[in-house]
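Working notes, structure below.
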Amino acid sequence: MKKDNKLSWGITFLFFGILFLLKTFNIIPTTIGQYLFDLANFPIIVGIIFFIFHKTKNIGWALILVGLFMRFDTIYRYFDILPTYVWSLALIAIGAVLSWGLKGGK
């Protein structure tokens with residue numbers, strides 16, 4: 001097993017081991033624990049770890065995409081209500097650019 005592969009798997013097991021230990025001791029609040037221990041979030045968490053610590057980023061991207069696919073219904077709900085905020089966010093962005101300017105411009 002290659003060194004970066006061992007490192008990625010080792011950090012993954014350490015992370016989840018510590019996470020489950022904290023859950024056992026009731027250190028993690030239930031509101032946060034409900035998101036951390038949701039099965040659909042595990043591929044995203046593992047994907048982020050592999051993306052950071054593995055030499056080739058393909059495994060990380062693949063796991064993150066699998067996790068996002070498992071979360072598609074939640075993501076879709078956010079995009080469904082997004083158009084109601086577009087004008088507000090656009091006005092804020094325009095105001096910020098006009099107030100502080102773009103870097104390099106006068």
Inter-residue atom distance I52.CD1 - I11.CD1, 0.5 Å rounding: 8.5 Å
Interatomic distance, I27 atom CD1 to I32 atom CD1 [nearest 0.5 angstrom]: 12.5 Å
CD1-CG distance between I48 and L63, expressed to the nearest 0.5 angstrom: 10.5 Å
Transitive ILVMFWY side-chain link L39 to L65, under 4.5 Å: no
Minimum-distance pair of heavy atoms, taken over all atoms of F37 and F42: CA-CE1, 4.0 Å
Selection residues 34-43 - residue pairs positive for side-chain hydrogen bond (donor to acceptor under 3.5 Å, both in side chains), sequence neighbours left out: D38-R71, N41-R71
Side chain to side chain, V46 and I64, heavy atoms closer than 4.5 Å: no
Pairs meeting criterion salt bridge (charged side-chain N to carboxylate O under 4.0 Å, His left out) with involvement of residues 12-34, two or more places apart: none
From CD1 (I49) to CG (L14), nearest 0.5 Å: 9.5 Å
Hydrophobic cluster identity match, L91 and L89, side-chain contacts under 4.5 Å: no
Any T12 side-chain heavy atom under 4.5 Å of F15 side chain: no
Linked, directly or transitively: W61 and F53 (ILVMFWY side chains, under 4.5 Å): no
Closest contact, heavy atoms only, M70 versus A40: CE-CA, 3.7 Å
ILVMFWY network linking L36 to L22, side-chain heavy atoms under 4.5 angstrom: yes
Co-membership, hydrophobic cluster, residues F13 and F51, 4.5 Å side-chain: no
Whether over 12 other heavy atoms sit under 6.0 Å from F20 CZ: yes
Close aromatic pair by centroid cut-off 6.0 Å: W9 and F50: yes
